[in-house]
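Reminder, nothing fancy here: chain letters follow the sequence lines and each chain counts from 1. Both backbone and side-chain heavy atoms feed into the values below; hydrogens, waters and symmetry mates do not.
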Amino acid sequence: MDAARRAKLESTTRYDPAEVEGRVYAEWAERGYFTPEPEGTAAENYSIAIPPPNVTGSLHMGHGLNNTIQDTLVRRQRMAGRRVKWIIGTDHAGIATQSVVEKELRREGLDRHELGREGFVERVWEWREQYGGRIIEQLKRLGASGDFAHERFTLDDGYVAAVHRVFVALYEKGLIYRDNYMVNWDPGSHSAISDLEVENREVTDTLFRIDYPIEGSDRVLTVATVRPETMLADTAVAVNPGDERYRDLVGRHCILPLVGRRLPIIADEHVDVEFGTGALKITPGHDPADFEIGREHGLEEISVIGEDGRLTDAAGPAYAGLSAAAAQERVVADLRAAGSLGGSEPYVHSVPFSHRSGQRIEPLISLQWFCRMDELAAPAIEVVRDGRIRFTPERWGRVYLDWMESIRPWCVSRQLWWGHQLPVWYCDHCERTIVAEREPAGGECDGCGGVLRRDEDVLDTWFSSALWPYATLGWPDEAPELRAFYPTDVLVTARDIIYLWVARMIMTSLEFLDEIPFSDVYITSVVQAPDGRRMSKSLGTGIDPLELIDAHGADALRFGLLAMSSSQDVRFSAAKVQQGRDLANKLWNASRLILLNAGEAAPEPRSDAVEDRWILSRLERTIASVGECLDRFDFAHAALELYRFVYSELCDWYLEIVKPRLYDGPARGDDSAARNLLHVLGRTLAVAHPLMPFVSEEIWSYLPDRDTQLIVAPWPEADPSRFDVEAEAEVAAAIDLTRSLRRWRELAGVAPAAPLRARGGAGVHPLVARLARLDLAGEDAGEAVAAVGAIEILPSEHLDPQAVTARIEEQRERLRGEVERAEGKLDNERFVANAPADVVAGERAKLARYRAELEELG
RNA sequence: GGGCGCGUAGCUCAGUGGGAGAGCGUCCGCCUCACACGCGGAAGGUCGCUGGUUCGAAACCAGCCGCGCCCACCA
């Protein structure tokens, strides 16, 4: 260590992440540690594909946790000597991005239609150039060691080719088709959306009762509905086939009020006898349930609400052009006037809303592209059932299977401009549909030579995300990256996209590469606000990870998030982040102590004293334990194990114990403590590195004898030959006794600095004598006033006699309780007969010990 | 309606069949020559409730109460 470095170490009494992080990160990146050569096989290499954040995104706490976990896994494997690729990139995020740019246009007083499709898409690309890289830069501040040199985007040229390949193949297989079908129409984004993009919310609506006169009778059939305006599109009334009240009516007709249409009265199992009057108006054009009933019975499908949310001409001149809400008012008024309104009442039920725009879904029939899923799902179910893909925590595997087993067709077309435009062309002349990876030559129909028109729609964003782990590696080309890194190892993601994304990656990978895309799926906790609400910008409950990095450093945030993580949702805890900051600082200062006193010593494990064997044993056990925790994705325990080892074992005990040896070493020509400390420090930094990369790398740079930077230094494998049961027992006993003495001293009113006169014969461990500040006296030093374990406390001016008496009585009380408890247990014949022998023996030993101690107290 | 998860110290959470734990907070004492982002010590819990299984339950089973999430076409 040169003089300048030494001076810096001496003067820096607090670890300063802001000074370290940028410098260290730049060095890692420059040296190319993040970018592996595409060599070797996927089995020997290690890879993770990042869940691509939206280009519009900025780093939130969920990203923070998720990417910290991925980086921890990746760094650990890199140190373990594997060629590691963490695939980095962003998602074009159809609706989200389109609306951001549309909002920007609106501020300029523009509309996307004024720019036209091409102009608009160009504008979005410009926006992406300018702002789209934000989240990537933020990931770097976290310390993410991903392959940023090969950043991908779901609209890259190569990626587009992959999407087209998949679309065409699925079309040719008959899985992708075009159909008029009931879809979730989102009036907000002006597009159809998939079932998974709607969320149900509780809403209070009004439930209206409407009387439908029965043809050829003076009876009426009363139906109940929350959407009276859709009655204009009714094409039947249904009752339950088992419903006695209406059995005679099935097959007859009723007359639709206001319209006068004859509606057949049909019988269908779906109708609930209990609800309302037991008669259900059927509107196949505007209700998903009615749509299915309608298709089963071959009913006419009438649409009275258009894609603009307004009533169409089919609704009749009185209503055409009205908004749905206005139409409802008008219809209700008209029904009332006609005497057909039976009544109304408030009614709470759940209603679909668009996840994206937040608007209420308008179910309507529309011509869209769909993908049939059951055939793709079958093998994807199999690989999770047979354990080839494992979910952690396990229960998410069952959630996945439940959904997959009842999977429904997926509406893949979206009426947007930003995204993968469908590779579909129509010839209006000969009415052919051409589905092809590339536009047919000259844009002409090869049948009739007519001019082709490309389908305007784009694909659901999740369609392209479904190819993420392999399209990013060059598929469908036989790219070397694909051979080296596919399949990937782990997917780290959030539970809310198990259906939207995870399931679909598994399905497409099995279909197109005949391989699982990853073998483990780790589902992260959802990080909630400290008060248990969702963290969200709009609620004002969000906490910005970058601010925490600014304040406490990336290592602190990483440690905090890992320590918080769990198999269930967690509330964000600023205290855990501080714990991480404290740990970084502790490591820094322990290292200063060691490095500034190590002289010329080189690291070497030493067993000169029992405490050396003890710390080496504890170190190796910690290494083993942290490794096992990481193997089973138990990041919280990995973090807390590290914390516990550094704080209590290394700093509180070992450093305090060896300080004299360390300080006096040079004078005595004995650098064994320094050597051992350097060894322990080196290995500690190595296990800490995947969790806290910056502080560990920075301290590492001060260590003597290192060949490489820590990021690529060997991962420490636990060495069981260092496990030392005797040393652990001996030092543990010394620690226990020291603690008892400190407690005794405190309660007996002896000042911390005052020596405690005591006697223990030959049995007093030198560690105890020093750590408990004992003033050891000989056998003839007089009558003891108390005993702590094997140590006799002797009278001295520092003792407060009253406190001593109270303390002794307290001790006696405690021992009596213990004896009583043990006796009670051992007096129970069934315990002695049934409990395992070692448990019983242990209980007997304890009883004997407590009795002896009580005896000594008198 | 179905499913999943959770209820442990003031707070946030570990613990899943043999004597209730951590961090933070609180209280007491220390600026002890690595660190006050520190050191030593202490107080604090009918482990949601009721039954059951067991020699033994915070843990396993059943029921109940409370909270959260996911799925679902009772209009």
Side-chain angles (χ1 to χ4, degrees), chain A residues 9-10 13-15 182 195 199-200 205 207-208 223-227 230 238 270-283 287-293 347 349-350 352 363 393 395-396 398-399 402-403 406 495-496 498-499 526 528 530 532 552 556 563-564 566-576 578-597 636-637 640 643-644 647 651-652 655-656 659 662-663 738-739 742-747 751-753 771 818 821-822 825 828-836 838-840 842-843 846:
Chain A
L9 198 55
E10 253 165 11
T13 58
R14 277 191 193 183
Y15 171 64
M182 173 70 53
D195 294 343
E199 66 182 48
N200 292 302
D205 274 330
L207 185 66
F208 297 92
V223 301
T225 180
V226 293
R227 301 211 51 196
T230 65
H270 292 282
V271 181
D272 183 352
V273 180
E274 307 284 314
F275 190 92
T277 58
L280 174 63
K281 77 191 221 10
I282 301 296
T283 319
D287 182 279
D290 294 3
F291 176 80
E292 298 215 345
I293 294 173
Y347 180 65
H349 64 148
S350 66
R395 63 175 184 276
W396 297 114
R398 292 192 296 275
V399 170
D402 284 347
W403 183 70
S406 53
R495 57 154 195 258
D496 52 324
I498 291 176
Y499 306 147
V526 173
Q528 301 168 329
H552 303 303
M564 266 175 251
S566 163
S567 58
Q568 62 186 76
D569 292 351
V570 288
R571 296 180 183 204
F572 179 79
S573 157
K576 287 276 196 317
Q578 269 178 36
Q579 209 180 331
R581 177 200 62 179
D582 294 347
L583 178 57
N585 190 243
K586 195 74 172 170
L587 277 170
W588 175 254
N589 278 296
S591 304
R592 288 176 62 231
L593 171 67
I594 296 167
L595 293 164
L596 293 172
N597 290 285
H637 285 104
L640 296 172
Y643 180 91
R644 189 196 50 71
Y647 258 77
C651 294
D652 290 352
L655 283 178
E656 292 307 324
K659 261 181 191 173
L662 184 65
Y663 292 144
T738 302
R739 290 199 132 132
R742 284 175 178 167
R743 195 176 315 130
W744 194 92
R745 166 201 284 277
E746 182 105 2
L747 291 173
L771 295 168
E818 295 290 6
R821 191 195 58 80
K825 244 181 160 172
N828 181 348
E829 283 168 30
R830 287 181 305 181
F831 170 72
V832 178
N834 293 318
D838 56 323
V839 173
V840 178
E843 213 53 56
K846 278 188 256 177

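In this structure the side chain of Glu199(A) never reaches within 4.5 angstrom of the side chain of Pro352(A), judged on heavy atoms. Counting heavy atoms from C-beta outward, Met564(A) and Phe572(A) have side chains that approach closer than 4.5 Å. Between Leu595(A) and Leu9(A) there is a side-chain heavy-atom pair separated by less than 4.5 Å. Between Leu593(A) and Asn589(A) there is no side-chain heavy-atom pair separated by less than 4.5 Å. No side-chain heavy atom of Trp403(A) sits less than 4.5 Å from a side-chain heavy atom of Ile498(A). Leu280(A) places none of its side-chain heavy atoms less than 4.5 Å from the side chain of His270(A).
The partner of A75(B), taking Watson-Crick or G-U wobble pairs whose two distances both stay under 3.5 Å, does not exist in any strand shown. The partner of C35(B), taking Watson-Crick or G-U wobble pairs whose two distances both stay under 3.5 Å, does not exist in any strand shown. Across all strands shown, G40(B) forms a Watson-Crick or G-U wobble pair, both distances under 3.5 Å, with C28(B). Under the Watson-Crick or G-U wobble criterion, with both distances below 3.5 Å, G23(B) is paired with C11(B). The pairing partner recorded for G56(B) is none, the criterion being a Watson-Crick or G-U wobble arrangement whose two distances lie under 3.5 angstrom. Both distances falling under 3.5 Å, in either a Watson-Crick or a G-U wobble arrangement, occur for no nucleotide opposite G17(B). Pair assignment for C4(B) gives G68(B), based on Watson-Crick or G-U wobble hydrogen-bonding distances that are each under 3.5 Å. Pair assignment for G45(B): none, as no Watson-Crick or G-U wobble contacts are both less than 3.5 Å.
Donor-acceptor pairing under 3.5 Å, judged by distance alone, is present between the side chain of Glu746(A) and the base of G40(B). Remark: the Glu656(A) side chain and the A34(B) base include a donor-acceptor N/O pair separated by less than 3.5 Å.
Considering only side-chain N and O atoms, Tyr647(A) lies under 4.0 angstrom from the phosphate OP1 or OP2 of G38(B). The phosphate of A14(B) (OP1 or OP2) has a side-chain N or O of Ser566(A) nearer than 4.0 angstrom. At C35(B), none of the side-chain N or O atoms of Lys659(A) fall inside 4.0 Å of OP1 or OP2 (strictly under the cut-off).
Heavy atoms of Pro836(A) sit under 4.0 angstrom from at least one base atom. Nucleic acid contact for Phe208(A): none, since no nucleic acid atom lies under 4.0 Å from a heavy atom of the residue. Looking at heavy-atom distances under 4.0 Å, Arg14(A) makes contact with a base. Asp652(A) comes within contact range of the sugar-phosphate backbone alone, with a heavy-atom separation under 4.0 Å but no base atom that close. Note on Ala833(A): nothing from the nucleic acid sits closer than 4.0 angstrom, heavy atoms only. Counting non-hydrogen atoms under 4.0 angstrom, Asn828(A) reaches the backbone sugars and phosphates but no base. At the heavy-atom level, Arg581(A) lies under 4.0 Å from base atoms of the strands shown. Among the atoms of the strands shown, none is found under 4.0 Å from any heavy atom of Ser567(A).
In this structure, Arg495(A) contributes its side chain and Trp396(A) its backbone to no donor-acceptor pair below 3.5 Å.
Nucleotides U53(B) and A62(B) place their P atoms 15 Å apart, quoted to the nearest Å. Taking the C1' atoms as reference points, A9(B) lies 6 Å from G44(B), given to the whole Å. Rounded to the nearest Å, the gap between the C1' atom of C28(B) and that of C65(B) is 41 Å. The P atoms of U50(B) and A58(B) are separated by 12 Å, rounded to the nearest whole Å. A43(B) and G21(B): their P atoms are spaced 12 Å apart (whole Å). Comparing the same atom, P, in C74(B) and in C6(B) gives a spacing of 28 Å after rounding to whole Å. Rounded to whole Å, the separation between the P atoms of G45(B) and C11(B) comes to 13 Å. Using C1' as the reference atom, A36(B) and C30(B) are 10 Å apart when rounded to the nearest Å.
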Contact pattern, 5' to 3', of nucleotides 69-75 of chain B - B, S or - by protein heavy atom under 4.0 Å: SSSBBBB
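The Arg743(A) side chain lies nearest to A42(B) when the options are G15(B), C39(B), A42(B). Side-chain proximity of Phe831(A) to G23(B), A34(B), C55(B): nearest is C55(B). Here the side chain of Arg592(A) is nearest to one of C39(B), C6(B), C35(B), namely C35(B). Distances were taken from every side-chain heavy atom of Arg571(A) (C-beta onward) to each of G5(B), A14(B), C13(B); the shortest belongs to C13(B). Across G40(B), G23(B), G18(B), the shortest atom-to-atom separation from the side chain of Gln579(A) is found for G23(B). Closest to the side chain of Asn834(A), from the set C55(B), A14(B), G18(B), is C55(B).
Taking atom CG of Asn589(A) as the reference point, atom P of C35(B) lies 6 Å away to the nearest angstrom. Atom NZ of Lys586(A) and atom C1' of A34(B) are 8 Å apart (whole Å). Protein atom CG of Leu640(A) is 10 Å distant from nucleotide atom C1' of C13(B), rounded to whole Å.
The two residues Tyr15(A) and Asn585(A) have their closest heavy-atom pair at N-ND2, 3.0 Å.
The pair Glu746(A)-Arg743(A) does not meet the salt-bridge criterion, since no charged nitrogen lies less than 4.0 angstrom from a carboxylate oxygen.
Using a 30° and 60° split on the angle between ring planes, Tyr647(A) and Tyr643(A) fall in the parallel class, below 30°.
If you find the closest nucleotide of RNA chain B to Lys825(A) and to Gln528(A), the one lying nearer the 5' end belongs to Lys825(A). Take the nearest nucleotide of RNA chain B for Tyr15(A) and for Thr738(A): the residue whose nucleotide is more 5' is Tyr15(A).
One finds the OG1 atom of Thr283(A) at 9.0 Å from the CZ atom of Arg227(A) (value rounded to the nearest 0.5 Å).
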